[in-house]
Amino acid sequence: MVSLDRFETFKAVVDAGSFTAAAAALGQSRAVVSFNIKRLEQEIGVALLIRNTRSLALTDAGARFYQRCADMLEQARLAIDDARAEHGELSGALRVTATLEYGLAKIAPAIQAFAQLHPALQVQLSTSSLHADLIAERFDIAIRLGSLPEAELHAVPLARFDIFPVATPALLTQEQPGDLAALGRLPWLGHSRLKHAPPWLVDTPDGSQTSWLPPHPARLSSDSASILRAYALAGLGVALLPDWLVNADLRAGRLCRLLPDHTFPQQGIHALYPRTRHVPAKVRAFIDFLREREAAG
C-alpha cells in the first residue's frame with residue numbers, strides 16, 4: 001500500500017519545482033524528500049520525474065499521475081473536513097474572492113463573524129476588480145455582483161441591490177435633470193467594465209420602460225466603483241452606483257440621488273463555487289451564513 005504521505009511529497013516537489021524547495025515547504029530535509037520520491041517510484045514501478053543537476057521534469061506517466069495524485073489528496077482533505085464538520089468543527093483553509101468595494105463593505109465583516117464561530121478555519125479573502133478564475137487560482141467561493149457569465153460554476157443567490165445615478169448638490173445647481181435625456185447631458189463617470197454592456201431597461205414614471213445607455217465616452221472612467229464614488233464626491237460628474245456603497249453619502253447630503261422617480265434594473269449578488277460532485281462543508285456553511293446575514297439585513 002502506497003503511503004499518502006509520499007503522494008503529498010510528490011505533489012510538493014512538482015508544485016515547488018525542485019527537491020530543495022519542496023523540502024523547505026514540507027519542513028523536511030532534502031534527503032528525506034528524495035528518498036520518499038524514490039520509494040514512490042519503486043512502489044508503483046514507474047519513473048515519475050526526469051532529474052538532472054539543474055532541473056527536473058515530469059515524465060508522461062508522471063504528468064498523468066500528478067493530476068490523479070492532486071485529486072486524491074483533495075478528496076482526502078475534503079473527507080477529513082466533512083468528518084470534523086459533523087461535530088461542528090470546520091477546519092483547513094477557505095479561500096474567498098470578491099470585489100474590493102463589496103469585500104470591504106460586506107464580506108470582510110461577515111468573515112470576521114464567521115471566523116469567530118469556527119476558530120479552526122483559516123479564511124483568506126482576496127479582493128480585485130478583475131474576476132478571478134476559481135479553478136486555476138484555487139478559490140473556494142467567489143462573490144459576484146451583476147451578470148453571471150461563468151456557466152461552469154454553480155451560483156447561489158445571496159441578495160439583490162438597487163443602482164441609481166448620484167452627484168453632488170453643487171453639480172446639480174447647474175442643471176437638475178428631469179428625464180434620461182437631461183441626465184445624459186451632465187458630465188458622466190463611467191465604469192469601464194460596463195462600456196460594452198447592453199442597454200439598461202429603466203422604468204419611467206408613466207409606467208413604461210425605456211432602453212437607455214450611459215453617455216459614452218465618459219468624462220472619467222474606472223474599473224472601481226470606489227474610485228467613481230470618489231470622483232462623484234469631488235463634483236466631477238454623475239456616477240451610476242450601488243445603494244450599499246452610497247447610502248451613507250445620501251443620508252449625509254454629500255451626494256444626491258438623481259431621477260428618484262426612475263427605477264434602474266436591480267442587480268444580483270451570488271456566491272459562486274465550482275461544479276463538483278462533492279461540495280465541501282466549509283463552502284456550504286459559509287454560503288448559508290452569508291444568506292442568513294443578508295436576510296437579516
Side-chain angles (χ1 to χ4, degrees), residues 81 84-85 87-134 137-148 150 153-164 166 191 193-194 222-233 239-255 257 264-274 279-297:
D81 287 349
R84 289 172 173 166
H87 297 280
E89 180 186 1
L90 297 178
S91 61
L94 176 67
R95 302 191 68 228
V96 182
T97 179
T99 63
L100 175 61
E101 297 83 9
Y102 197 74
L104 184 61
K106 298 287 188 176
I107 302 303
I111 285 175
Q112 181 179 348
F114 188 70
Q116 291 175 345
L117 297 175
H118 304 284
L121 185 67
Q122 295 84 50
V123 187
Q124 304 165 19
L125 174 61
S126 175
T127 58
S128 173
S129 59
L130 300 176
H131 283 180
D133 185 326
L134 267 69
E137 300 182 49
R138 293 189 173 275
F139 284 107
D140 297 296
I141 301 173
I143 307 301
R144 295 278 193 263
L145 280 63
S147 59
L148 298 174
E150 298 106 329
L153 301 175
H154 188 78
V156 177
L158 298 177
R160 300 187 69 78
F161 64 91
D162 292 318
I163 56 172
F164 36 71
V166 295
H191 200 298
R193 283 215 311 269
L194 299 180
S222 174
D223 64 354
S224 165
S226 288
I227 291 176
L228 296 179
R229 171 180 171 268
Y231 287 161
L233 287 168
L240 192 65
L241 294 174
D243 55 10
W244 50 264
L245 185 62
V246 296
N247 276 337
D249 297 317
L250 297 174
R251 289 192 296 267
R254 294 185 292 267
L255 293 173
R257 178 175 176 176
F264 290 77
Q266 273 200 329
Q267 304 296 299
I269 305 169
H270 293 81
L272 275 61
Y273 59 89
V279 181
K282 61 189 178 184
V283 170
R284 296 196 305 269
F286 187 60
I287 290 175
D288 289 344
F289 182 83
L290 290 177
R291 295 183 74 178
E292 292 168 5
R293 190 176 175 92
E294 288 289 348

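We number each residue from 1, following the sequence as shown. These figures come from a predicted structure and were not determined experimentally.
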Contact summary for [X] and [Y], nearest pair of heavy atoms:
X: Ala155; Y: His270; result: CB-CD2, 4.1 Å
X: Leu233; Y: Arg254; result: CD2-CB, 3.8 Å
X: Leu90; Y: Ala285; result: CD1-CB, 3.6 Å
X: Val156; Y: Tyr273; result: CG2-CE2, 3.8 Å
X: Ala239; Y: Ala232; result: CB-CB, 4.3 Å
X: Gly92; Y: Leu121; result: O-CD1, 3.4 Å

What is the distance from atom [atom1] of [X] to atom [atom2] of [Y], rounded to the nearest 0.5 Å?
X: Glu292; Y: Ile287; atom1: CD; atom2: CD1; value: 12.0 Å
X: Lys106; Y: Leu158; atom1: NZ; atom2: CG; value: 11.5 Å
X: Tyr102; Y: Ile143; atom1: OH; atom2: CD1; value: 7.5 Å
X: Gln267; Y: Ile163; atom1: CD; atom2: CD1; value: 4.5 Å
X: Leu228; Y: His191; atom1: CG; atom2: NE2; value: 6.0 Å
X: Glu101; Y: Ser224; atom1: CD; atom2: OG; value: 4.0 Å

Could you tell me whether the side chain of [Y] reaches within less than 4.5 Å of the side chain of [X], counting heavy atoms only?
X: Arg293; Y: Phe289; answer: yes
X: Val283; Y: Leu94; answer: yes
X: Arg144; Y: Ile269; answer: no
X: Leu125; Y: Ile107; answer: yes

Looking at Gln122, I want to see if its CD is surrounded by more than 12 non-hydrogen atoms of other residues, nucleotides or ligands under 6.0 Å.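 Yes, the 6.0 Å shell around CD holds more than 12 heavy atoms from other groups.
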Side chain of Lys282, backbone of Ser91: donor and acceptor closer than 3.5 Å? no
Angle between ring planes, Trp244 versus Phe161, binned at 30° and 60°: parallel, tilted or perpendicular?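 The rings of Trp244 and Phe161 stand perpendicular, inter-plane angle above 60°.
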Relative to each other, are the rings of Phe114 and His118 parallel, tilted or perpendicular (30° and 60° limits)? tilted
Begin from the C-alpha positions of Leu272 and Phe139 and carry the test side chain to side chain contact (heavy atoms under 4.5 Å, CB included) through to its verdict. CA-CA 10 Å; Leu272 275 61; Phe139 284 107; over 6 Å; no
Checking side-chain contact (heavy atoms from CB on, under 4.5 Å) against Val166, which of Asp243, Asp249, Val246 comes through? Val246
